[in-house]
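Before any comments, here is the structure.
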Amino acid sequence: MARNLKAFYALGLFSLFLLVQKGGAYEFTVGGSNGWTIPSDSNALNQWAERSRFQIGDTLLFVYPPDKDVVLLVNKDDYNNCSTATPIAKYTDGHTEFKFSQSGPIYFISGVKDHCLKNEKLLVVVLADRSGKKSAPSPPPSAASPPPPVASPPPSASPPAGSEEPTPSPGPSADQTPSKKKKNGATSVVVSFVGSIGALLGSSLLLVL
């Protein structure tokens with residue numbers, strides 16, 4: 001029985017440890033033991049914030065009497081001017097938990113303007129995610145489509161084999177003009193006539209002998 005109780009006790013402690021360490025997040029009570037109230041020192045709340053390191057996932061706890069005070073989440077201008085007319089968020093439960101979901105400056109003021117004017121206001125600067133996780137890189141731009149291939153010029157048309165045009169025969173040379181051809185014809189006639197006369201004279205001489 002005692003052994004079972006020890007095991008149960010150990011399991012309980014382990015579960016509590018896991019809850020405290022979950023995500024490495026922390027809970028900060030605003031103003032420490034004084035809580036969310038008008039500070040005795042004009043800059044006490046912000047000095048408390050400057051001594052702390054706030055990161056995404058951490059939680060602020062505002063403890064205050066709900067019938068006497070209010071917590072407002074505001075922008076920078078409303079923080080500087082103690083403007084309570086248009087807050088980003090309003091909390092009145094007396095035990096307000098605010099979890100950081102992003103880094104950067106966050107501004108709170110009391111919803112009772114007179115309290116804010118007496119420096120019941122808080123500026124916290126949230127640092128990076130404690131887990132060290134980096135946002136996933138954006139996908140690289142898609143590769144540009146390669147330019148279309150340049151069409152090669154069509155090969156010069158060549159006549160199919162066997163269909164080549166015959167090379168034209170050279171024209172008549174300069175000495176084969178029409179007038180030259182006529183002169184050659186007349187010479188042939190004269191030579192024939194002289195030959196005939198010579199043959200006739202030769203026959204006559206044979207008869208005489």
Side-chain angles (χ1 to χ4, degrees), residues 4-143:
N4 291 339
L5 287 176
K6 288 182 179 179
F8 182 79
Y9 181 72
L11 180 61
L13 287 178
F14 180 72
S15 300
L16 180 61
F17 177 79
L18 289 180
L19 289 175
V20 172
Q21 295 297 324
K22 184 179 179 182
Y26 296 92
E27 182 178 87
F28 298 86
T29 301
V30 176
S33 59
N34 294 326
W36 180 244
T37 186
I38 298 173
S40 55
D41 183 352
S42 62
N43 203 32
L45 287 174
N46 283 338
Q47 287 176 348
W48 167 85
E50 291 171 0
R51 291 192 299 267
S52 305
R53 291 176 61 84
F54 305 104
Q55 296 184 338
I56 295 174
D58 290 345
T59 302
L60 283 182
L61 175 61
F62 294 83
V63 180
Y64 53 96
D67 57 338
K68 295 181 179 179
D69 215 337
V70 177
V71 177
L72 300 183
L73 173 65
V74 296
N75 59 33
K76 182 178 180 180
D77 288 340
D78 288 348
Y79 172 86
N80 291 332
N81 300 319
C82 283
S83 175
T84 61
T86 56
I88 299 172
K90 181 177 181 179
Y91 307 97
T92 59
D93 58 358
H95 196 272
T96 300
E97 293 183 350
F98 183 89
K99 186 173 183 179
F100 301 127
S101 59
Q102 63 183 18
S103 59
I106 302 179
Y107 304 91
F108 300 93
I109 63 173
S110 171
V112 181
K113 187 164 185 175
D114 184 59
H115 291 190
C116 179
L117 292 174
K118 293 178 180 178
N119 290 312
E120 190 180 351
K121 56 200 301 187
L122 177 67
L123 165 62
V124 298
V125 178
V126 182
L127 305 178
D129 188 351
R130 191 186 309 279
S131 65
K133 294 179 181 178
K134 297 181 179 179
S135 57
S138 56
S142 57

Check: Nearest heavy-atom pair of Ala25 and Asp58: which atoms, and what distance?
Finding: CA-OD1, 3.4 Å

Next item on the list: Only counting residues at least two apart or in another chain, list the ones meeting side-chain contact (heavy atoms from CB on, under 4.5 Å) with Thr59.
Entry: Glu27, Glu97, Lys99

Checklist line | Separation between OG of Ser101 and CD1 of Ile56, rounded to the nearest 0.5 Å | finding: 7.5 Å

Note to self: Ring centres under 6.0 Å, that's the criterion: do Phe100 and Phe54 meet it?
What the structure shows: yes

Margin query: Checking Tyr79 now: which residues fulfil side chain to side chain donor-acceptor pair (under 3.5 Å) with it, not counting sequence neighbours?
Written below: Asn46

Notebook entry, point to check: Once you round to the nearest 0.5 Å, how far does OG1 of Thr86 lie from CG of Asn75?
Noted result: 6.5 Å

Next item on the list: I would like to know whether Val126 and Gln102 meet side-chain contact (heavy atoms from CB on, under 4.5 Å); could you show each step before the answer?
Entry: CA-CA 7 Å; Val126 182; Gln102 63 183 18; over 6 Å; no

Next item on the list: Report the residues that fulfil side chain to side chain donor-acceptor pair (under 3.5 Å) with Thr96, sequence neighbours left out, ordered by chain and then residue number.
Entry: Tyr64, Asp93

Check: Once you round to the nearest 0.5 Å, how far does CD of Gln55 lie from OH of Tyr26?
Finding: 8.5 Å

Pairs under 3.5 angstrom only: tabulate donor-acceptor contacts from the side chains of residues 107-119 to other protein residues two or more places apart or in another chain.
from, atom 1, to, atom 2, distance (Å)
Ser110, OG, Asp69, OD1, 2.6
Ser110, OG, Val112, N, 3.2
Asp114, OD2, Lys118, NZ, 3.4
His115, ND1, Glu120, OE1, 3.2
Asn119, ND2, Ser42, O, 3.3

Item checked: Nearest non-hydrogen partners of Val70 and Trp36, listed with the distance -> O-NE1, 3.3 Å

Note to self: Evaluate Trp48 against Leu122 for side-chain contact (heavy atoms from CB on, under 4.5 Å), listing each step before the verdict.
What the structure shows: CA-CA 9 Å; Trp48 167 85; Leu122 177 67; 4.3 Å; yes

Notebook entry, point to check: So, do Val63 and Val30 sit near enough that their side-chain heavy atoms are less than 4.5 Å apart?
Noted result: no

Notebook entry, point to check: Taking the side chain as C-beta and beyond, is there a heavy-atom pair between Ser103 and Leu127 under 4.5 Å?
Noted result: no

Check: Taking atom NZ of Lys121 and atom CG of Asp78, what is their separation to the nearest 0.5 Å?
Finding: 10.5 Å

Note to self: Under the rule for side-chain contact (heavy atoms from CB on, under 4.5 Å), what residues qualify as partners of Asp41, not counting sequence neighbours?
What the structure shows: Ala44, Gln47

Notebook entry, point to check: Say you draw a straight line from CG of Asn34 to CG of Leu45; how long is it, rounded to the nearest 0.5 Å?
Noted result: 8.5 Å

Note to self: Return the CZ to CZ distance between Arg53 and Phe28, rounded to the nearest 0.5 Å.
What the structure shows: 9.5 Å

